[in-house]
Structures are given as C-alpha cells and as structure tokens.
Amino acid sequence: VIYILAAVFVLKFIVLYKGYSMKKLILTAILVIASLPMFAQLNVQMHYDFADALYGNELSNRAHWTATVENFKADKWGSTYFFVDGNFADNSMESAYAEFSRELRFWKAPIAIHVEYNGGLSGGGSYNDAYLAGAAWNWANKDFSKTFSLQLLYKYLAKQQVGSKHSWQATIVWGIHFAKGVCTFSGYADLWHDNSVSGNLILSSEPQFWFNLYALDSVDDDFKLSLGTELELSKNLVWPAEGINNKFYAIPTLAVKWQF
C-alpha cells in the first residue's frame, strides 16, 4: 500500500507542476516503477488514441498518449488489483487517474467481498473521488485461459456537487487467451447511476485485443512484449472541448504492453 500511495503522490505532483519536462517525466516514471516490489502480474502499457481523427475539434482537449501501470495479485485471502493512468500532452502530463480494489474470500463459494477506490487529479483540479463496496462473483476455467467477474457495488461519490452522492455500480471484467496464448481479448464494462447526467446513467467500457509476441515459438519466452488495441466506449462520461458530458463516444487506440 505504501508503494502504491507513493506512486500516486508522484503522479499528482507531476500534474500540479505542468512545466515538468518530458525527460523528467520519463525518468520519474522509471523510478516509480522500479520502486514497486515484485508483483504477480504487473504490466506497463502505452496507448495512442485517435479521438481527434474521428471527432475533430470536438475532442481536441484530449491528450493523445496514455501510460498505464496495471497489476493483479491473488493470495489465499482473495486478490488485489490496481491501475494508474497518466495522460500526456506534448511536453507534460495533463492528468492522472487510478483505481484500487481488494477482494476478500475466506470460504469456498465463488463470491467475494469487494472494496474499491477511484480517483485522480488534473491540472484543473481533482476528479470526483468514489468509494465502492459490495460483492463479486468470479469464475475461471481450469487453466485460467478464460476468466470472468461480475461485481454489484454500492458507490459513494464523495465530491458530487449536483444530485445524490449515493449511487450503485455494476461491473463485468473478462479475459480470454486463445490461439495457444498468442491472442488475448480482455476488458471491462462499468455502468453506474449518476443523476447529474442525462438519463442518470454513465457507461464506460474498454475492451482490448493483444497479440502476444512471447507466445510465438520463434520468440524468447522472456520477451514479454504485446502489440494491440483498445476501444474506449463511453456514454455521458467524456467531456468535449465545448459543451457537457452527454454523448456516446467510441475511441480506438494503438498500444504496446510489457509484462513483468
């Protein structure tokens, strides 16, 4: 937990001081990653999104580059998951967003207690921090090549200015490895209630497809590089350059991933 909080603090510091050079940003990112202990399934991703190519000036306020640090670790009491996103402009980081969750299960049934925190910071201020708690149903086949999770959660929107702070969220998470591990289809979909938006619902989903080079017979198993894409689907979530967050967007990315 100390390592994670330290990483978030560094990211928030970078966002507040937007004059930070790209060279210093890269060096800081390397130091943060190097300071993390050896996690079970740690990966780092770099995405380039094509929002302006599809939507023009409507989404000209979006940063093109997003760096993601993601980790999942299972243990005998449940599992821990987190990711941290940093969104980069040409010469600085514009915003950072993170989600941390812990699941607890002391019994054989595939139902776990799920607690979670979501939050972040941009140059214009902090995001609407959210605290979640509820239940998760988790499934995996024998070799874990297919996994699925359904989460039903109470959601507290700590900084909600319009409407109720009390909400709910339904989440599905999936992962499918096929073609002898060469290909991976994974992602999540969140749907939550927020009566400050049109229709009182917000949708966020990010399905990913990865081509895993390390799974090829001709590539060394330790060369943990994957090439892929992500499709960012949202409704009532993304703020355009002008107007409010009341539209549906489908924004593709090109991405690379390295697993540790």
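One is the number of the first residue; the rest follow in order along the sequence.
Going from atom NZ of Lys180 over to atom OG of Ser145 covers 14.0 Å, rounded to the nearest 0.5 Å. Between atom CD of residue Gln151 and atom CD1 of residue Ile172 there is a gap of 10.0 Å, rounded to the nearest 0.5 Å. A distance of 6.0 Å separates CG of Leu237 from CD1 of Ile202, quoted to the nearest 0.5 Å. Here NZ of Lys224 is found 12.0 Å from CG of Asn43. Values are rounded to the nearest 0.5 Å. Atom CD of residue Gln160 and atom OG of residue Ser196 lie 4.5 Å apart, to the nearest 0.5 angstrom.
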From CA spacing to verdict: side chain to side chain contact (heavy atoms under 4.5 Å, CB included), His166, Tyr156: CA-CA 5 Å; His166 303 284; Tyr156 179 71; 3.9 Å; yes

Working for side chain to side chain contact (heavy atoms under 4.5 Å, CB included), residues His177 and Asp143: CA-CA 10 Å; His177 304 282; Asp143 63 1; over 6 Å; no

Residue pair Asp75, Arg102: steps toward the salt bridge (charged side-chain N to carboxylate O under 4.0 Å, His left out) verdict: CA-CA 11 Å; Asp75 55 57; Arg102 173 67 190 178; 2.8 Å; yes

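A side-chain donor from one of His47 and Thr253 sits under 3.5 Å from a side-chain acceptor of the other. A donor-acceptor pair shorter than 3.5 Å can be found between the side chains of Ser95 and Asn87. Counted by atom type alone, Thr171 and Gln169 present one or more donor-acceptor pairs between their side chains at under 3.5 Å. Looking only at atom types and distance, the side chain of Ser204 has no donor-acceptor partner in the side chain of Asp190 under 3.5 Å away. Judged by distance alone, the side chains of Glu70 and Gln45 do bring a donor and an acceptor atom under 3.5 Å apart. In this structure, a donor-acceptor pair under 3.5 Å is absent between the side chains of Asn246 and Ser198.
For Trp65 and Tyr48, the gap between ring centers is short of 6.0 Å. A distance below 6.0 Å separates the ring centres of Trp174 and Phe185. The six-membered or imidazole ring of Tyr117 lies near that of Tyr131, with a centre-to-centre distance under 6.0 Å.
Ring geometry for Phe83 against Tyr97 counts as tilted: the plane angle lies between 30° and 60°, on a 0 to 90° scale.
Here the shortest heavy-atom pairing between Ala170 and Leu152 reads CB-CD2, 4.0 Å. Here the closest heavy-atom approach between residue Ala130 and residue Leu157 is recorded as CB-CD2, 4.1 Å. The shortest non-hydrogen separation linking Phe260 to Val44 is CE1-CG2, 3.6 Å. Smallest separation of non-hydrogen atoms from Trp137 and Ile111: CD1-CD1, 3.4 Å. Nearest heavy atoms, Asn195 versus Ser164: OD1-N, 3.1 Å. Nearest heavy-atom pair across Ala250 and Leu233 is CB-CD2, 3.6 Å.
Taking the side-chain contact (heavy atoms from CB on, under 4.5 Å) definition, one finds that Leu203 meets it with Leu191, Lys235, sequence neighbours left out.
Residues Gln41 and Gln259 are not in side-chain contact: their nearest non-hydrogen atoms beyond the backbone lie 4.5 Å or more apart. Using a 4.5 Å heavy-atom cutoff, the side chains of Phe106 and Trp77 are in contact.
Geometrically, Lys155 engages Trp192 in a cation-pi contact defined by less than 6.0 Å to the ring centre and at most 45° from the axis.
Side-chain atoms of Asn141 come within 3.5 Å of backbone N or O of Lys146 as a donor-acceptor pair. No side-chain donor-acceptor contact under 3.5 Å links Ser149 to the backbone of Val173. Panel note: side chain Asn212, backbone Leu225; no donor-acceptor pair is recorded below 3.5 Å. Between the side chain of Asn245 and the backbone N or O of Pro240 there is no donor-acceptor pair closer than 3.5 Å.
No option in Trp210, Phe211, Trp258, Phe209 other than Trp210 meets the side-chain contact (heavy atoms from CB on, under 4.5 Å) test with Ser226. Just one residue in the list Tyr55, Phe50, Trp239 forms a ring pair (Phe, Tyr, Trp, His ring centres under 6.0 Å) with Tyr249, and that residue is Tyr55. Just one residue in the list Arg62, Lys247, Glu232 forms a side-chain contact (heavy atoms from CB on, under 4.5 Å) with Val238, and that residue is Arg62.
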